[in-house]
Amino acid sequence: MEAILYNLTWNKITNMTVVTRFAPSPTGFLHIGGARTALFNYLFARHHGGKYLLRIEDTDRARSTQEAVDAILDGLAWLDLSGDEPPVFQHAGMERHAAVARELVTRGRAYLCYCSPEELEAMRAEARAQGRTALYDGRWRDRDPGEAPAGVAPVVRLKTPLEGETVIDDLVQGRVTVQNSQIDDFILLRADGTPTYMHAVVVDDCDMGITHVIRGDDHLNNAFRQAQLFKAMDRPVPAFAHIPLIHGQDGAKLSKRHGALGVEAYQEMGYLAEALCNYLLRLGWGHGDDEIIPRAQAIEWFDLDGVGRAPSRFDMAKLDNLNGHYLRETPDADIADLVMARLETRPGLVLDGAARERVRKGLPGVKARAKTLVDLADGAAFYAAARPLAMNDKAAALLTPEARGLMQSLAENLQTVTEWTEEALDAAVRGLAEKSQVKLGAVAQPLRAALTGSNASPGIFEVMAILGREEALARIKDIC
RNA sequence: GACCCCUUCGUCUAGUGGCCUAGGACAACGGCCUCUCACGCCGUAAACACGGGUUCGAGUCCCGUAGGGGUCGCCA
């Protein structure tokens, strides 16, 4: 509570509009954790009427790829989490980053360090052996630059305070204090003159006017270092909010098997962006007993005080459930195109005008049975299947000699049905069951197999009505 | 190892000292509906990590223990 008040006060005093940013490094796809971080940044900015920006952290030229940039931007676009302005590419600001570092050196807030990688490694090894955190010991901090070895390009390190403590009133984690002795003189500029992440982030956050840094709590330790840099630059430290990481079903780090997939993989698996966002929102954040929270509602309700501090596990079953819900809520016309696109890639279908029309008409009935767009395509495919239909094992088992006999009779009875409607077909099929002294299921199930090639489908009268007289009768005769 | 963080049903969570014989959701199980499978509806089982305090009273505050996570790069 104290931390929250503190930061709100800070915000009021400076009378700043909220500006957040999502800053992924383009070394891979946009994974679930990143998507949630983006969501929280977006929601927080919208809730407070502020701005939400994007920044691509590509200072590591060797590991950054254009494919990754595209994957991330595409993923964000799919989730409707594109930034309010075109993304900032950190790489473009390198000159500026270097200039700031140089100025820090002239002002005595940073210095040149000539340590070799081997020297640093030895330092770390010794620290560990002595049971200390592996930190740079500041051996070049006050050393005479005249002692610089010849031919060695120096790095620039920040001169951080040796004593006292650094306090961060994190909007999620609360007040966190670290002794300054635990913060070493970290590198601002590499030997080749390029900025490190730690430095570029702070300079860019200043330049972009970021007021709230919302990111994964794997950055919590960085925040103390970055706070020192902000101070060295005489700039206000933004408010921090470190959100807990997402774990896999087994409680360990997200692995390839569950969440560590790119969001585009979820799109392919047939999840709706709205459902994924709703799921991600509820992972680590809650609003009373509410579960179904569409975007507009989320913007109204979201705030950082609702974010929990414990890591949460990724649960596919809940995502499935939520996706099923959103599937049912989405207007049929909107998902018809998505389903059709998926059907077009399937073999064994005849997607002519009549078939497409049947699929469209059948969609509402299939929806209740689907969790994903893949399920939907699976469930609706029979409406466009080429004759004779392929049967699954259970459907084939349903077509006993007796059942085929019943189908024969049914085909004859159906000739007399004048109005090809659900009601009339219902009456006709029930009539046959009664006359043959069997339960409705004894007729309905083989009929289902004949019409859909499956043992499970939407209501069989609905199926028959949508298929139409000609197609339905043809499919029945195919199995007689 | 050092530093930092975390710990309510299997999972996501509600809970901010009395409203908690701990609520909701997903999953599980049982039932209703029913031409199948679903959807929907009804119901059952299921948790405050452990130990000490503080307090008239603790899931809620404090300390410790255990377990989990994160960080310790001229990566981000």
Side-chain angles (χ1 to χ4, degrees), chain A residues 1 23-27 57-60 62-64 90 113 115 117 120-121 124 127-135 153-157 170 173-174 176-179 181-184 186-192 194-198 200-201 216-222 224 242 244-245 247 249 251-253 279 282-292 305 308-322 324-325 328 365-371 375 379 394 398 426 429-430 433 439-445 447-449 452 454-461:
Chain A
M1 191 48 126
S25 67
T27 53
E57 313 249 295
D58 54 355
T59 49
D60 185 345
R63 297 207 309 165
S64 303
Q90 195 157 58
C113 164
C115 283
L120 259 16
E121 191 38 57
R124 278 192 281 271
R128 263 172 230 263
Q130 290 177 7
R132 304 193 326 260
T133 309
L135 300 172
V155 298
V156 175
R157 287 183 183 272
D170 193 281
Q173 304 291 336
V176 189
T177 305
V178 158
Q179 297 304 310
S181 59
Q182 291 295 322
I183 301 172
D184 65 0
F186 59 94
I187 295 175
L188 266 25
L189 246 40
R190 302 180 184 113
D192 65 2
T194 59
T196 59
Y197 155 82
M198 203 70 80
V201 164
D217 72 6
D218 48 339
H219 284 289
L220 182 56
N221 287 279
N222 290 338
F224 297 96
H242 289 93
L245 266 20
H247 290 175
Q249 266 125 341
K253 245 183 167 170
Y279 175 70
R282 284 287 291 105
L283 215 49
W285 179 85
H287 183 272
D289 287 340
D290 297 298
E291 298 287 347
I292 305 297
D305 54 13
R309 293 200 256 179
S312 44
R313 303 182 188 206
F314 191 80
D315 180 16
M316 274 286 198
K318 189 139 183 175
L319 208 211
D320 278 344
N321 175 273
L322 228 31
H325 172 86
R328 273 167 252 128
V366 179
K367 263 165 93 174
R369 276 148 262 262
K371 302 279 193 209
D375 293 345
K394 285 180 179 168
L398 247 17
D426 188 322
V429 174
R430 280 179 204 277
K439 284 200 230 166
L440 179 56
V443 182
Q445 278 302 82
L447 177 57
R448 170 167 284 112
T452 71
S454 166
N455 56 309
S457 80
I460 201 60
F461 309 121

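Across all strands shown, A:P24 has no heavy atoms under 4.0 Å from either base or sugar-phosphate atoms. Within the nucleic acid shown, A:N222 comes within 4.0 Å of at least one base atom, counting heavy atoms only. Using a 4.0 Å heavy-atom criterion, one finds that A:D60 contacts the sugar-phosphate atoms exclusively. A:S25 comes within 4.0 angstrom of sugar-phosphate atoms only, judged by non-hydrogen atoms across all strands, and of no base. A:T194 comes within contact range of no nucleotide atom at all, as no heavy-atom separation falls under 4.0 Å. Residue contacts for A:G216: at a heavy-atom cut-off of 4.0 Å it reaches no nucleic acid atom on any strand shown. Nucleic acid contact for A:H242: none, since no nucleic acid atom lies under 4.0 Å from a heavy atom of the residue. Within 4.0 Å (heavy atoms only), A:L322 reaches no atom of the nucleic acid at all. The residue A:I460 sits close to a base: some heavy atom pair falls under 4.0 Å. At the heavy-atom level, A:F224 lies nowhere under 4.0 Å from the strands shown. Using a 4.0 Å heavy-atom criterion, one finds that A:V155 contacts the bases of the nucleic acid, with or without backbone contacts as well.
A:Q445 places none of its side-chain heavy atoms less than 4.5 Å from the side chain of A:K439. Residues A:T59 and A:T196 form no side-chain contact, since every pair of their non-hydrogen atoms from C-beta on lies 4.5 Å or further apart. Side-chain atoms of A:I292 and A:L322, non-hydrogen and from C-beta on, do get closer than 4.5 Å to each other. Using a 4.5 Å cut-off on side-chain heavy atoms (C-beta onward), A:D375 and A:R369 make no contact.
With hydrogens and angles ignored, the 3.5 Å screen pairs a side-chain donor or acceptor of A:T452 with a backbone N or O of A:S454. The main-chain N or O of A:F314 is never found under 3.5 Å from a side-chain atom of A:Y279 such that the two would form a donor-acceptor pair.
Rounded to an integer number of Å, the gap from A:Q179 CD to B:rC4 C1' is 12 Å. At whole-Å resolution of the value, CG in A:L135 and C1' in B:rG73 are 12 Å apart. Rounded to an integer number of Å, the gap from A:R124 CZ to B:rC74 C1' is 9 Å. In this structure, the CD1 atom of A:I183 is 13 Å from the C1' atom of B:rU71, given to the nearest Å. Spacing between atom CD of A:E121 and atom P of B:rG73 amounts to 8 Å, rounded to whole angstrom units. To the nearest angstrom, C1' of B:rC3 lies 16 Å from CD of A:Q130. The CD1-P distance, from A:I292 to B:rU13, rounds to 16 Å in whole Å. To the nearest angstrom, P of B:rA2 lies 13 Å from CZ of A:R132.
Each of A:G308 and A:D426 has a nearest nucleotide on RNA chain B; the 5'-most of these lies closest to A:G308. Nearer the 5' end of RNA chain B, as judged by each residue's closest nucleotide, is the contact made by A:G286, out of A:A456 and A:G286.
Considering CG of A:L188 and OG1 of A:T194, their distance stands at 11.5 Å, rounded to 0.5 Å. Separating the NE2 atom in A:H242 from the CG atom in A:N222 is a distance of 7.5 Å, to the nearest 0.5 Å. Annotation: the span from A:L398 atom CG to A:L447 atom CG amounts to 10.5 Å, rounded to 0.5 Å. Note that CZ of A:F186 and CG of A:L135 are 12.5 Å apart. Values are rounded to the nearest 0.5 Å. Note that the CZ atom of A:R132 and the CD atom of A:Q182 stand 10.0 Å from one another [nearest 0.5 Å]. With rounding to the nearest 0.5 angstrom, the CG atom of A:L189 is 12.0 Å from the CZ atom of A:R157.
A:K371 is linked by a salt bridge (Lys or Arg N to Asp or Glu O under 4.0 Å) to nothing, counting only residues two or more places apart in sequence or in another chain. In this structure A:R328 satisfies the salt bridge (Lys or Arg N to Asp or Glu O under 4.0 Å) test with no other residue, sequence neighbours excluded.
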I'd like a list of close polar pairs between nucleotides 5-9 of chain B and the protein, N/O only, cut-off under 3.5 Å.
from: B:rC5; atom 1: O2'; to: A:Q173; atom 2: OE1; distance (Å): 3.1
from: B:rC6; atom 1: OP1; to: A:R309; atom 2: NE; distance (Å): 3.4
from: B:rC6; atom 1: OP1; to: A:R309; atom 2: NH1; distance (Å): 2.4

Report all interatomic pairs (protein N or O, nucleotide N or O of nucleotides 29-34 of chain B) with separations under 3.5 Å.
none

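Counting distance only, with no hydrogens placed and no angle test, the side-chain atoms of A:R369 and the base atoms of B:rC39 include no donor-acceptor pair under 3.5 Å.
The A:S312 side chain lies nearest to B:rU13 when the options are B:rC74, B:rG70, B:rU13. Of the candidates B:rC35, B:rC12, B:rA76, B:rC35 carries the atom nearest the A:Q445 side chain, counting heavy atoms from C-beta on. Comparing B:rC74, B:rA38, B:rA76 by their closest approach to the side chain of A:A368 singles out B:rA38.
Between the side chains of A:R63 and A:T27, no donor-acceptor pair is found at a separation under 3.5 Å.
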Annotated protein contacts, base or backbone, on nucleotides 58-64 of chain B with a non-hydrogen cut-off under 4.0 Å, one of B, S, - each: -------
Readout for nucleotides 18-28 of chain B: B = base within 4.0 Å of protein heavy atom, S = sugar-phosphate only, - = neither; 5' to 3' it is -----BBBSS-
Working note: A:M198 + A:I187, criterion side chain to side chain contact (heavy atoms under 4.5 Å, CB included); need CA distance, chi angles, decisive distance, verdict. CA-CA 8 Å; A:M198 203 70 80; A:I187 295 175; over 6 Å; no
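A gap of 10 Å separates the C1' atoms of B:rA22 and B:rC9, to the nearest Å.
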